[in-house]
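The structure displayed is predicted, hence computed values, not measured ones.
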Amino acid sequence: IAHLSGNTGKHVLSGQFLNFAPNATLALPEAIHQASGKWPAYIGIDYINFSTNSIDSNAADKIAIEYWRQGGLVELNVCLTDPTNPKGGGLFDKGVNLRQLLDPGAGPHAAWMHELDQIAEGLQRLQDAGVIVLWRPLMEMNGDWFWWGAQQPEDFIALWRHMFGYFTRVKRLHNLIWVYSPVMGAKVGDYYPGDRYVDLVGIDVYTDNIDADHVKGFASLLKTGKPAGFGEFGPHDSKNPPGDYDFTRFSRGLAADFPQAVFFMSWNEKWSPANNHRAKEFYNDPIIITRDDLPAGMFR
């Protein structure tokens, strides 16, 4: 991925988010393949099970391993439940004190560690299967909707570094490529955890217009020096897309205004190229990397 930066030919890894556990299937990549003759270079899955408000990695890992063995990359993220909420759930809770999660003397610390252990169990299963994971935790932290969002930057950075240290040093997970993924707009770089704790940077974008006037903050990500891209992309906006987007507008925008971008993750449902227009032309664009373009030697 690092070597893709600066390429003028194929240099943008194509991604497709599948769904939240346990509802993830390969239906969208299959629809993309039927429409275009191409498979996305990587898939994305979220470990959250919204029906139980809990971490649920089993079904997600099965799909991840299947796509890996077919020659594709895998991304995972998780819409974490609020460890300070005794009722569970609470993805959109307000007023959460992140410092409590890292204080062994505070009640929420045990709940935070339990969540990390549940996540690590799934990631360990993937490591045992030889799967490298693009790990995208605590996304859109500069927004004010998730409980970890719009916090004091130093508190968020401490939380990220704690997860990094626990997963790498205690759980010995070494199959993770860490992805920092704010949402477009203000304070994109304010929560950056530091070069030692991040491998890729991506901006989450929901708009029809892929240009510097509408996608704010990408330049801040480039300042990190890390390979950069679009952590999420969906046409229209974050609610009720009509499904009438010409996806070649996205690839043209990448080439014209964001030539440094080396990956993107299309969101699912009516944000996906499978459910919009010109998927064939989009996936056959000269800059787009699909599964067939990946080095076969990566997958063992």
Salt bridge (Lys or Arg N to Asp or Glu O under 4.0 Å) partners of [range], not counting sequence neighbours, each pair once:
range	answer
residues 249-268	none
residues 208-230	none
residues 231-243	Arg136-Glu232
residues 259-272	none

What are the two closest heavy atoms between [X] and [Y], and how far apart are they?
X	Y	value
Ala129	Ile65	CB-CD1, 3.8 Å
Tyr283	Pro40	OH-CG, 3.9 Å
Pro227	Ala2	CG-CA, 3.9 Å
Ala31	Ala274	CB-CB, 3.8 Å
Met163	Pro137	SD-CB, 3.7 Å
Trp271	Ser238	CZ2-O, 3.3 Å

Answer yes or no: is there a side-chain heavy-atom contact under 4.5 Å between [X] and [Y]?
X	Y	answer
Asn275	Asn268	no
Asn49	Pro22	yes
Phe167	Arg172	no
Val12	Leu254	yes
Pro242	His236	yes
Asn142	Asp190	no
Leu294	Leu13	yes
Ile177	Ile132	yes

Using salt bridge (Lys or Arg N to Asp or Glu O under 4.0 Å) as the criterion, list what pairs up with [X], not counting sequence neighbours.
X	answer
Asp292	none
Asp244	none
Asp155	Arg99
Lys94	none

Option among Phe250, Phe17, Tyr206 that satisfies the ring-ring contact (aromatic ring centres under 6.0 Å, His included) test with Phe230: Phe250
Using the ring-ring contact (aromatic ring centres under 6.0 Å, His included) definition, which of the options Tyr191, Phe146, Tyr192 pairs with Phe156? Tyr191
[X] side chain vs [Y] backbone, donor-acceptor pair below 3.5 Å:
X	Y	result
Asn7	Gly9	no
Glu121	Leu116	no
Tyr42	Phe264	yes
His109	Leu101	yes
Gln151	Trp147	yes
Asn19	Thr25	no
Asn284	Lys280	yes
Asn175	Val131	yes

For a side chain to side chain contact (heavy atoms under 4.5 Å, CB included) check, start with the C-alpha distance between Trp267 and Phe233, then their side-chain angles and the critical distance, and finish with the verdict. CA-CA 6 Å; Trp267 212 237; Phe233 171 69; over 6 Å; no
Checking side chain to side chain donor-acceptor pair (under 3.5 Å) for the pair Gln16/Ser272: CA distance, chi angles, key distance, verdict? CA-CA 7 Å; Gln16 176 60 61; Ser272 169; 2.9 Å; yes
Rounded distance [0.5 Å steps], [atom1] in [X] versus [atom2] in [Y]:
X	Y	atom1	atom2	answer
Ser181	Leu138	OG	CG	11.0 Å
Lys10	Thr290	NZ	OG1	5.5 Å
Leu123	Gln118	CG	CD	12.0 Å
Asn23	Ile45	CG	CD1	11.5 Å

Taking side chain to side chain contact (heavy atoms under 4.5 Å, CB included) as the definition, give me every residue that meets it alongside [X], ordered by chain and number, with sequence neighbours left out.
X	value
Ser57	Tyr47, Asp61, Arg125
Phe164	Thr168, Trp178, Tyr197
Ala35	Ala279

Under 4.5 Å between side-chain heavy atoms, counting indirect links through other Ile/Leu/Val/Met/Phe/Trp/Tyr residues: same cluster for Ile43 and Leu28 or not? no
Are Leu173 and Val133 close enough, and set up right, to give a side chain to side chain contact (heavy atoms under 4.5 Å, CB included), and what steps lead you there? CA-CA 10 Å; Leu173 294 169; Val133 176; over 6 Å; no
Stepwise side chain to side chain contact (heavy atoms under 4.5 Å, CB included) test for Thr224 and Val198: CA-CA 10 Å; Thr224 66; Val198 175; over 6 Å; no
For the residue pair His162 and Trp112, confirm or rule out a side-chain donor-acceptor distance under 3.5 Å. yes
Distance-only donor-acceptor pairs under 3.5 Å for side chains of residues 78-90, two or more places apart:
{"residue": "Thr81", "atom": "OG1", "partner": "Glu115", "partner atom": "OE2", "Å": "2.6"}
{"residue": "Asp82", "atom": "OD1", "partner": "Thr84", "partner atom": "N", "Å": "2.8"}
{"residue": "Asp82", "atom": "OD1", "partner": "Thr84", "partner atom": "OG1", "Å": "2.7"}
{"residue": "Asp82", "atom": "OD2", "partner": "Thr84", "partner atom": "OG1", "Å": "3.0"}
{"residue": "Asn85", "atom": "OD1", "partner": "Lys87", "partner atom": "N", "Å": "2.9"}
{"residue": "Asn85", "atom": "ND2", "partner": "Asp93", "partner atom": "OD2", "Å": "3.0"}

Does Tyr180 form a side chain to side chain contact (heavy atoms under 4.5 Å, CB included) with Leu221? I'd like the steps, not just the answer. CA-CA 9 Å; Tyr180 170 76; Leu221 292 185; 3.9 Å; yes
Check this for me: His174, atom NE2, are more than 12 non-hydrogen atoms of other residues, nucleotides or ligands nearer than 6.0 Å? yes
Crowded around Gln70 CD? As in, over 12 foreign heavy atoms under 6.0 Å? yes
